[in-house]
Amino acid sequence: VQLQAFGGGFVQAGGFLRVSCVASGRIFSSSVMGWFRQAPGKERDFVAAIRWNTGATYYADSVKGRFTISRDNAKNTVYLQMNSLKPEDTAIYYCARSAVGLSDTASGYADWGQGTQVTVSS
């Protein structure tokens with residue numbers, strides 16, 4: 001499965017953005033799709049994940065109540081709606097696919113998109 005993320009950009013604190021991830025190839029129903037982010041000089045951190053079959057969602061504490069992950073099975077697309085953005089949300093956002101179940105670590109995901117930059121100014 002190849003993943004392509006897009007939709008990042010520059011926004012002021014308190015604003016919103018939606019990033020999208022389109023998958024080419026079949027996403028098996030047992031897959032989990034996740035979003036991670038990586039700021040300069042930092043590790044790649046888990047943001048959110050969604051089970052492809054049930055739509056169950058999971059979030060990092062830092063984004064709960066502000067970010068929403070969703071998917072459109074027909075379009076093979078996963079979205080991350082980001083509201084009330086803060087400067088500390090600035091990072092490259094990556095989408096990824098796990099074939100082994102839910103994981104909040106990057107090592108649990110086999111397929112990765114190229115990332116899209118999100119910059120939040122104060």
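Note that the structure is a prediction, hence the values are computed from the model and not measured. We use all heavy atoms of the structure for the numbers below, so side chains are in, but hydrogens, waters and symmetry mates are not.
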Decide yes or no on side-chain contact (heavy atoms from CB on, under 4.5 Å) for Y58 and D104, but give the supporting numbers first.
CA-CA 9 Å; Y58 310 88; D104 61 359; over 6 Å; no
I'd like to know if K64 and D61 make a salt bridge, using a cut-off of under 4.0 Å between side-chain N and carboxylate O.
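Salt bridge present between K64 and D61.
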Looking at every heavy atom in both [X] and [Y], which two are closest together, and how far apart are they?
X: V19; Y: G8; result: CG1-N, 3.8 Å
X: Q4; Y: F6; result: O-CD2, 3.8 Å
X: A91; Y: A39; result: CB-N, 3.8 Å
X: Y79; Y: S20; result: CD2-OG, 3.3 Å
X: G101; Y: V32; result: C-CG2, 3.7 Å
X: G115; Y: I92; result: CA-CG2, 3.8 Å

Under a 4.5 Å side-chain heavy-atom rule over Ile, Leu, Val, Met, Phe, Trp and Tyr, are [X] and [Y] clustered together?
X: L102; Y: W112; value: yes
X: V118; Y: V78; value: yes
X: I50; Y: F46; value: no
X: V1; Y: M33; value: yes

Testing the 3.5 Å rule here: is there a donor-acceptor pair between the side chains of S31 and R97?
yes
Between [X] (side chain only) and [Y] (backbone N and O only), is there a donor and an acceptor less than 3.5 Å apart?
X: Q114; Y: A5; result: yes
X: Y109; Y: S103; result: yes
X: T57; Y: I69; result: no
X: R51; Y: A56; result: no

Inter-residue atom distance [X].[atom1] - [Y].[atom2], 0.5 Å rounding:
X: F67; Y: L17; atom1: CZ; atom2: CG; value: 9.0 Å
X: E88; Y: S122; atom1: CD; atom2: OG; value: 10.0 Å
X: Q38; Y: Q117; atom1: CD; atom2: CD; value: 11.0 Å
X: R71; Y: T77; atom1: CZ; atom2: OG1; value: 12.0 Å
X: M82; Y: F16; atom1: CE; atom2: CZ; value: 11.0 Å
X: C21; Y: W35; atom1: SG; atom2: CH2; value: 5.0 Å

Test side-chain hydrogen bond (donor to acceptor under 3.5 Å, both in side chains), reference R37, set T116, T90, D89, output is D89
Using the side-chain contact (heavy atoms from CB on, under 4.5 Å) rule, take F28 and N53 through it: C-alpha gap first, then chi angles, then the decisive distance, then the call.
CA-CA 8 Å; F28 290 96; N53 51 3; over 6 Å; no
For W52 and N76, what are the C-alpha separation, side-chain angles and deciding distance, and is it a side-chain contact (heavy atoms from CB on, under 4.5 Å)?
CA-CA 10 Å; W52 194 251; N76 261 17; 3.9 Å; yes
More than 12 heavy atoms from other groups under 6.0 Å of CD on Q2:
no
With a cut-off of under 6.0 Å to the ring centre and 45° to the axis, is R44 in cation-pi contact with F36?
no
